[in-house]
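Data first, discussion second: the structure below is written as structure tokens.
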4 protein chains.
Amino acid sequence: MKRNPPVIPSVVKDQRLVKERRQQIVEGAVRLFIKKGFHKTTTREIARACGLSIGTMYEYIQSKEDVLYLVCEYIHTELETRLRKSLYESDTARDSLRKCVENLFYTVDEMSSLIVLIYQEAKSLPKELMSYVLQKEEEITGIFENILIKGMEDGTLSVDENTVKLMAHDIMVIGEMWAFRRWALKRHYTIDQYTKRQMALILDKLIPREG
Amino acid sequence: MKRNPPVIPSVVKDQRLVKERRQQIVEGAVRLFIKKGFHKTTTREIARACGLSIGTMYEYIQSKEDVLYLVCEYIHTELETRLRKSLYESDTARDSLRKCVENLFYTVDEMSSLIVLIYQEAKSLPKELMSYVLQKEEEITGIFENILIKGMEDGTLSVDENTVKLMAHDIMVIGEMWAFRRWALKRHYTIDQYTKRQMALILDKLIPREG
Amino acid sequence: MKRNPPVIPSVVKDQRLVKERRQQIVEGAVRLFIKKGFHKTTTREIARACGLSIGTMYEYIQSKEDVLYLVCEYIHTELETRLRKSLYESDTARDSLRKCVENLFYTVDEMSSLIVLIYQEAKSLPKELMSYVLQKEEEITGIFENILIKGMEDGTLSVDENTVKLMAHDIMVIGEMWAFRRWALKRHYTIDQYTKRQMALILDKLIPREG
Amino acid sequence: MKRNPPVIPSVVKDQRLVKERRQQIVEGAVRLFIKKGFHKTTTREIARACGLSIGTMYEYIQSKEDVLYLVCEYIHTELETRLRKSLYESDTARDSLRKCVENLFYTVDEMSSLIVLIYQEAKSLPKELMSYVLQKEEEITGIFENILIKGMEDGTLSVDENTVKLMAHDIMVIGEMWAFRRWALKRHYTIDQYTKRQMALILDKLIPREG
DNA sequence: GATGAATGAGCATTCATTCAT
DNA sequence: GATGAATGAATGCTCATTCAT
């Protein structure tokens, strides 16, 4: 069952201002979290980085964990938006998959620090917020699940019904792997090579058997 | 270039004692790190959990990060040992791969909290220790790389030379994914189903073209 | 020497408005002070409770301590008003005392949280305001002092001149004790029993010796 | 039902040391609480006043409220000890009462700031600790209750059975009143006068009716 | 007169590490 | 080699008050 996004309460009422300031906060915090990690970043540093006084910052959040949540939400929104962009451009599901996976790989490349951030820090979220973040992760995986289902329908992709979800997760993880294993992969592959080869592996498996 | 394992200095000289006590420390710390994470676990808690006084514990380590390193090393050693167990039992590389991948999946299942722990906390290691941990991760990946190379030689596996490393990483990550995506995967697959289906996907790609 | 009530400056000039708004503030604050104490109540909470914005509230006071003073003054005014109500109804001083003491006990019963509030929080007032509050307390005690003096004059009460003040304070404190020891007294006495028995003790001492 | 004294946990195990350090803490804190009140005293000030570092102080308490409890307990213990001192010296209950009340008055005089402290700050204790403090207050009141009961038995004091508890509370409150109304009483009475006159009032009421 | 966003000094508390015994 | 009391810098967070609108 789909859960509504958690509401982070703020003292300030003006919703336009809340949105604007929170964007500021996220921008400041992301940089710091990437560089030092969530726990080693202090609230004072975040405040300084986003140009607010510590008191003002706390008018827009309730705790440091809220900042982490806002950051995770921002990353997921950004990721989802980018992935959905290449979604409706293709005729066949096979073609759609190719485009979306390619898009995934290049997006992960550009957002790699952010992807890693979620992998490493989401665990520090309070339960309620964490489970929403996980749900979001699943929704994003759902993008690929849907393409695979379409491919089953239009006959351009060959997947077992029971393997659809698995394949979708595989694709996501193979994509994100470029972020969290980049220390090893970068020494042997460029993002272009990575994309081309992984794409081949993925699509090969999905060739519909002829005849 | 292969680096030697970092030496964690200890005040105590008796090497047998050092090993024994550090094993104690690791056992206490692992439980806590899994439950609360590295940062939220205090050194006092670790000392209590491993039955040493805080002062005594510090005779065997130099900092809290050292404990994290010992834990990571323990996990990697355990993982590598288990993976290598199924290594030399097979005739063909293809057969060997099948066994090792299966072993990987079931091992990840049993060690899933530990796998996740490394993913989430290794970033808190000091540079020097972290890069040794990453190297270890690569060594483990090397197990599969070697099988694939053997498969190229004995003709039982079809891999492009340039894709060997990639495939090895894919296998590792598909395996570990059962740990760090278990919140989603467990709802749809048992470890047996997961193993069977992923194995099929992996091996399909590697069928040598006949004729 | 009787001091004039301290003037709490306000930015707003319209005296009618000042009085009205301050009444609002007191009503909101009293509830909160009783429930959480002065220090644990925030100015924001007071503002919310009295339906003013924090900015507007500060147009009518100068500091949080001012609110406490207004509250103390309100309580004392209320107490004094109630006590004076039963003052001029009797012929003899003895009769007057009986009525006033009874009134005191029942009034303390009804205002017990307020009485306790003054006991516990008045110390947080700035010097100047505090000493006015103490003076007010003494004025209220004076009500009983006057009755006792009248009783010396009309011969219906037997008190030593040097004991008059003491007796007046005794009466006040025995009355207020029902508020600040209610946790113990309520388990053994109703307010009716308390009133009857204390009254007996007080009046017995004051029977004029005959002959 | 009599409750056991709450146990304030301490990190330090050595009970002798705990007792010693807590005594230090109480001595430092009492002075500050009297001067500035509980809320306006900072933990740093307490630490400085008792000659411990802030970290060390927190090895012996768990929160600032614990300090307040220790202070209250110290005051009550001191008070009770002093009151019990004059308890077993007399033949008749009447005589005993005289001595004990006199002792009460002079003790309150010497401890007046401490008495006031409990009146004003006990409300800031957490529920559990507060109710123990109230129980202690009742136990102390019990000293006078017992004397009155003895007086009923040996015929040297005339009290109604139903008024015993009330009288005991009256005595305590009349005694403590010298502390919390000293700003008014000191202007008119010395402690000797206060004692003599209140004693007369109390004992008069308790004269057994002859014949 | 009314509003409420902004401020930042100040607070209680924690915790990795040391070192005298 | 073992112990655990001592340390104090550092942290997340609060809140009375102001002032531009």
Round to a whole Å and report the spacing from CD of D:E45 to C1' of E:dT13. 16 Å
Nucleotide E:dG4, atom P - distance to CG of A:L17 in whole Å: 13 Å
Taking F:dT17, F:dA2, E:dT17 as options, the one with an atom nearest any side-chain atom of B:R21 is F:dA2
C:H39 vs A:H39, nearer the 5' end of DNA chain F by closest nucleotide: A:H39
CD of D:E59 versus C1' of F:dT3: gap in Å, rounded? 14 Å
Taking atom P of F:dT11 as reference, at what distance in whole Å does atom CE of A:M57 sit? 13 Å
In this structure, how many angstroms lie between the P atom of F:dT17 and the CD1 atom of C:I54, rounded? 9 Å
Taking for D:G55 and for A:Y60 the nucleotide of DNA chain E with the nearest heavy atom, the one nearer the 5' end belongs to A:Y60
Distance criterion of 3.5 Å, no angle test: do you see the side chain of C:R48 paired donor-to-acceptor with the base of E:dG4? no
Using a 4.0 Å heavy-atom cut-off, does A:T41 contact any base of the nucleic acid, only the sugar-phosphate backbone, or nothing at all? sugar-phosphate
Taking only the side-chain heavy atoms of A:S53 (C-beta and beyond), determine which of E:dG8, F:dG1, E:dT13 contains the nearest atom. E:dG8
Give, for atom CD1 of C:I8 and atom CG of C:L129, the distance between the pair rounded to the nearest 0.5 Å. 5.0 Å
Touch check for D:T42, heavy atoms < 4.0 angstrom, all strands: base, sugar-phosphate only, or nothing? sugar-phosphate
Is the closest side-chain donor-acceptor distance between D:E20 and D:Q24 under 3.5 Å? no
Whole Å only: how far is the CG atom of C:L52 from the C1' atom of F:dT17? 16 Å
Could you check which of F:dA16, E:dT13, E:dT17 has an atom nearest any side-chain atom of D:T43? E:dT13
Taken to the nearest whole Å, CD/B:Q62 to P/E:dA16 is 16 Å
Of A:I61 and B:R44, whose nearest nucleotide on DNA chain F comes first from the 5' end? B:R44
Counting any heavy atom closer than 4.0 Å, what does A:K40 reach on the DNA or RNA strands: base, sugar-phosphate only, or nothing? nothing
What orientation do A:Y119 and B:Y119 show, parallel under 30°, tilted 30 to 60°, or perpendicular over 60°? tilted
Hey, are D:E121 and C:K123 close enough for a salt bridge, meaning a charged N less than 4.0 Å from a carboxylate O? yes
Would you indicate which nucleotide in F:dG12, E:dA2, E:dA12 comes nearest to any side-chain atom of C:T56? E:dA2
Starting at CD1 of A:I46 and ending at C1' of F:dG12, how long is that distance when rounded to a whole Å? 10 Å
Is there a Watson-Crick or G-U wobble partner for E:dT17 with both distances under 3.5 Å, and if so, which one is it? F:dA6
Side chain of D:K13 only, heavy atoms from C-beta on: which candidate in E:dA6, F:dA5, E:dT17 is closest? F:dA5
Let me see the working for C:L32 and C:F38 under side chain to side chain contact (heavy atoms under 4.5 Å, CB included), right down to the final yes or no. CA-CA 8 Å; C:L32 290 166; C:F38 172 69; over 6 Å; no
What I want to find out is whether B:R21 reaches B:E59 closely enough, with some N-O distance under 4.0 Å, to be called a salt bridge. no
Name the closest nucleotide to the D:E65 side chain, picking from E:dT13, E:dG10, F:dC15. E:dT13
Of the listed E:dT7, E:dT18, F:dT18, the closest approach to the C:Y58 side chain comes from F:dT18
